[in-house]
Each structure stands twice: as structure tokens, then as C-alpha cells.
Amino acid sequence: MDDVSDPSDWTSTSLPQLEPLDTGLRCRICRDWYTAPMITECSHSFCSLCIRKCIAATPSAEAPCCPICRASVTEVRLRRNQVLEDLCFWFRSSRMTMLEFAKAQAESSQEKKDVSGKRRRHHLVNKTESSQEDGIRRSSRMRRSVSYQEHLDLDHEQPTEDNSAANSGCFVILDDEEATNGLVPCPVCNQRMTEKQVMRHIESCLSVKSISSSSHQHSLNGTTASSTSKPPKTLLTSSSFSSKPFQRLPKLQYSLLNESKLRNKLQDLGIPAHGNKQTLQNRHTEWVSLWNANADLTSPKSKTQLLRELSEWEASLTRYALQGKKEEDLDAWAMTHKSDFQDLIAIARSSVQKKQKAEEKSSVIEAEPRKLEEVAVVEEPDEEITSLSNNFVSGVSSED
Amino acid sequence: MIGGFTKRLGRELNDLKSNPAVGISVFQADDFRIWLIDIKVMDDNPIYVGKKFRLQFRFAPTYPIEAPEVQFVASYGIEIPMHPHIYSNGHICLDVLGSGWSPVQTVASVSMSIQSMLAGNDRNERPPDDARYVAHAPISPKNTRFVYHDDSV
């Protein structure tokens, strides 16, 4: 949850070119890693919840459109972008290691820069040498790949190699060096195994890692948590998909429902059913988005968890509404009703004066010993009013 | 996940501070409710040359699905820029702040739109209905139903 990683983490490292990749694996709406990414008809991807909320927030008079290119989108036509989700998962699981490596490298090169000019010169010489070497190596590589392709062009009687050559010359060379036995390294422990084994292995590998090194567990927080609670996405087979208990909820035509019918719908769904129609409607819309986005997750959350999220959402809205009222709106309200306050003050003053006069009259009629009490009675409201009017005056003047 | 709109704002603030666009700087962003962004018009437009303007952004928990509330604010030495789409109370008639909003837009992108709106202006005047609008304007510019009638400016 507390994933505060940011694409800018890469800028000061030796691998700043990873920043666009890091940015590309984040949803453009929430700026966080894709959660259950969905692809639109216009080939843009967003978190399921983000795009669903976005569509739900579109006024009913307008057609929902893609936040990036404004092409029209339909909620039912959203499709899971499994590849993106997997890429995101793989990148995240190795990100911390890569970042630490890139940071360490940047630091060590910084140290090298800091040493004396003599050594710096040496370093430069080394660098040019190495770059020359690099160039040589590269050109030799190219030559090799070219020759390889020529070679392939020449003799077609090797069908097995023809297949691999179809990819690219560079790939062939790599295969040259690393023995083409189809083994791939585990992104966590680097152990080599077949691709299928990696899928199975990575989960256990990650959980072992999270127990063995607490610092690592911390850094990989999001990933380890997800990998222990839910299997990596690629492990999913189509059968586990269809056995999902979560069915998508349909949207409602709120204009066709009256308040009590809508309330019943909410009760049927098992979500809070208090408030007026607008509140019910907003809550239902939010719930449908939450629910349907949850159904897109590889391992959906429980309903209790969703209900908690719904109540958090509602709480944040209420908090905001109250906050808004407390400050500017109240001040503005005081401003617009300034004259009303002054009228009220005037009325209150005159009524007090009337009261005073009436009491004076009555005191004349009544006997002497009651006079002392009257003075007390008369003074009290007077004080109240002056303090009240002071309040209004101060409120108004602070506004000015 | 949208839950934390503050998370997204945190990232935006980080972006604004680490690689700011020319002429756009954060004046105040102490919380995730109101930010003040200072903008300068970078070309030598005689109407705005040497002046600094202050934009106020107000965010609701519905951000970024819904647009933030954006307006110019006056302060000591800082005035509301003259523009045929900017009212004297700071309200801005710009479609990206209303119907043209999209959740992929950011504080930085909105600031830049406004910056370029100022840069492209050559009329040192207020909107024709300024007095009428300001007298009856709602507190929040988002409650105004602007009609975007003039795309030439």
C-alpha cells in the first residue's frame, strides 16, 4: 500500500533510461502501478477501477471518452490487458534490486570522479580504450551476425536454425554465447530453469526472500505481499478465471427508479441504504465501480474489504464537505448575509429597548422593593446583544 | 487504485518541484486541498511582461476524475491578469477546467495551458460581461456554466 516509488527514482542513478519504462508501467490516471489494467478500444490502458470510475463520472448526456485521446469508450468493451499486468509484475519484482544496483553504480562513478586529476586522466584513457574495444566488439558482432545471416542465406538445409534466425542477427549471437538450451534466469535469485519452472518457482522464491531478508521485504513490500497472498498473474489458467465468484454488476437507470426502489436495490446488494436518492445513487455508482474493478483482479478482495473501501470513500467525501463548509463557504455566507445580520442586530436592539421601556412602566406601577431585581434583568439581555453584535462585527471585519 | 487521491497529488508535487516547467513554480502546497502556483508568461507579451500571477487550485477527493477548482487570486503585488476570458474575480473561462477536463491532465499541464492562453493574448481587456458575471458569480468557478463561444483568443 505504501508504495512511494516514483519514476524519478531513476534520474540520479546510472540507469536514467529506465525512467520512461517506469512511467509507462503506471496508470496515467492514478499515477500508480497498473492494477488490473484494462485496454480500451483506442488501445490505451488504465487501471480497471480508474477507467470505470471515469466512465461512471461522465454525465449521462455525454458519451464516455478515453481520458487520453477522447475516443469514445464503452465499459462493456473494456478488456483485460494481461501482458501489461504481467510486465508490471515482473518489473516491480525486480525494480528494487535494479534500483539499488544502479544507485550503487552511480555512487561509485561519482567517487571515481572525485579522485585526483591524474587518475581521472587515466580513467578517461581507460574509458576511450574500453569504448574503442566496445566499438570493435560491436563491429565484430555485426560482422558475425551479418556473416551468419549470409551463411543462412546460402545454405537452407538447416531448418532448425532458420527458425531462430528469423528473429534477428543479434539474438542469434546471444544464443551463440549462452547455449541454446531454453533456460531462463529467475528474476529474483538468478537461478536458471525452464520458463515453465520459473512461473512456479518465482512465488516460493519471493516468499523465501521476504522471510530471509527483512530489508528486502520492506523494499519489495507491495510485491511480496501480493505474491504471498495471490499467485503471480501468469499462473492463472482460464479455468480459475471462470470459477470466480464475482459476477459483474449491471448499471442502473436511476431515472427509472424511485427512492424506495433504489433503497431496496442497495439493501439487496448488502450495502448501506441510508440517505436521500442522490446519496443512494452516488453510493451505488461507486459500489458498482468498486465491485466490477474487483472482479477484474486476478485474486479479488473479499466483500468485507470492499465494503470497508466504500465506507472510506464516503467518509472522505463527508470530511471534505465539512472542511469546505468550515472555511470559505461560511465566510462567504457571512459576507452575503451581512445586511441580514445587521437587520437582526437592529431588531434585537429595538426589542430590548421596548422591553426596557415596558419594564420601566411596570416598575412604576409595582412596588419599590422589586426595582433592584429589575436592573439585573434588564442588564442581562443587553450584554448578550452587545457580545453578539461584537461577534458579527468581528466576523465581518476579518472578512474584509 | 484511486483511493488515495493524495498519493497522486504527492507525485505531482514531486514532479513540479523536481522538474518544473519554465515560468511555473509552486508557491504554496502545504496540504492536498489548496495549492498556489505562480506563473509567468515567458515571451515578451507587452500585457504581461515582468508580471507574476498566482493560480489557486482546490482539490476534492474526486480528483483527478473530476477537475480541480482553478482560479487566479490577487495578493500583495500580484494582480489578476487582463484577458478576455479571465474575469476580474479571478474566474477563468477555459474548457479544460470544465467539460474539457480529462483525468490524465495534471496541475502542471493545466498551468501550462493557462500560461499559453495568456501568452497568445493580445487584448488588454476583461470579458464583455465582466461586471454582470462578477456581481452574481458563484463562489466556486466550477458552479458556473461557461459557454465556450470564442475559440479565437
Side-chain angles (χ1 to χ4, degrees), chain A residues 1-9 11-12 26-36 44 46-59 62 65-70 282 286 289-290 293 309 312-321 323-324 327-329 331-333 335-336, chain B residues 1-20 30-34 56-69 71 73 89-91 95-96 98-110 134-143 145:
Chain A
M1 185 67 199
D2 287 317
D3 181 7
V4 284
S5 66
D6 194 86
S8 61
D9 292 346
T11 39
S12 54
R26 294 166 192 266
C27 170
R28 290 275 301 273
I29 298 178
C30 63
R31 297 275 177 128
D32 213 340
W33 303 111
Y34 281 110
T35 313
H44 291 116
F46 307 95
C47 294
S48 178
L49 186 57
C50 293
I51 187 69
R52 282 175 194 280
K53 276 195 177 190
C54 203
I55 292 172
T58 317
E62 292 165 30
C65 63
C66 168
I68 294 175
C69 67
R70 297 194 190 273
N282 293 346
E286 179 74 12
S289 300
L290 278 173
E309 282 175 22
E312 274 167 19
W313 164 80
E314 205 149 355
S316 76
L317 283 188
T318 350
R319 222 179 301 130
Y320 173 76
Q323 247 176 5
E327 295 187 6
E328 315 222 334
D329 293 357
D331 286 351
W333 193 80
M335 266 300 269
T336 51
Chain B
M1 301 286 288
I2 280 184
F5 78 107
T6 51
K7 207 166 164 183
R8 163 159 162 163
L9 279 177
R11 287 214 161 86
E12 281 196 41
L13 189 58
N14 195 18
D15 263 5
L16 275 170
K17 285 188 172 163
S18 60
N19 41 11
D30 302 334
D31 54 23
F32 293 125
R33 294 203 310 112
I34 295 179
Q56 176 187 271
F57 285 75
R58 277 167 67 92
F59 307 102
T62 48
Y63 180 82
I65 300 295
E66 280 169 25
E69 224 180 86
Q71 66 178 87
V73 286
N89 61 355
H91 289 195
D95 67 340
V96 296
S99 60
W101 170 257
S102 145
V104 299
Q105 262 151 345
T106 60
V107 171
S109 74
V110 168
V134 172
H136 302 286
I139 301 154
S140 159
K142 282 189 81 181
N143 296 335
R145 294 176 63 92

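From a predicted model like this one, the values you see are computed outputs, not experimental measurements. Computation of the quantities below employed the complete heavy-atom set of this structure, encompassing side-chain atoms and omitting hydrogens, waters and symmetry-equivalent molecules.
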**Asked** Going through the checks in order, is the side chain to side chain contact (heavy atoms under 4.5 Å, CB included) test met by A:Asp32 and B:Arg11?
**Response** CA-CA 9 Å; A:Asp32 213 340; B:Arg11 287 214 161 86; 3.8 Å; yes

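Of all heavy-atom pairs between A:Lys53 and A:Trp313, the closest is NZ-CD1, 4.5 Å. Nearest heavy-atom pair, B:Ala108 versus B:Glu12, reported as atom, atom and distance to 0.1 Å: N-OE1, 4.5 Å.
B:Asp15 touches chain A through its side chain: at least one heavy atom from C-beta onward sits under 4.5 Å away, while N, CA, C and O do not. Residue B:Phe32 does not touch chain A at all, counting heavy-atom pairs closer than 4.5 Å. Heavy atoms of B:Thr106 lying under 4.5 Å from chain A belong exclusively to its side chain. Both the backbone and the side chain of A:Ser316 come within less than 4.5 Å of a heavy atom in chain B.
For the pair B:Trp101 (side chain) and B:Pro64 (backbone), a donor-acceptor distance under 3.5 Å is present.
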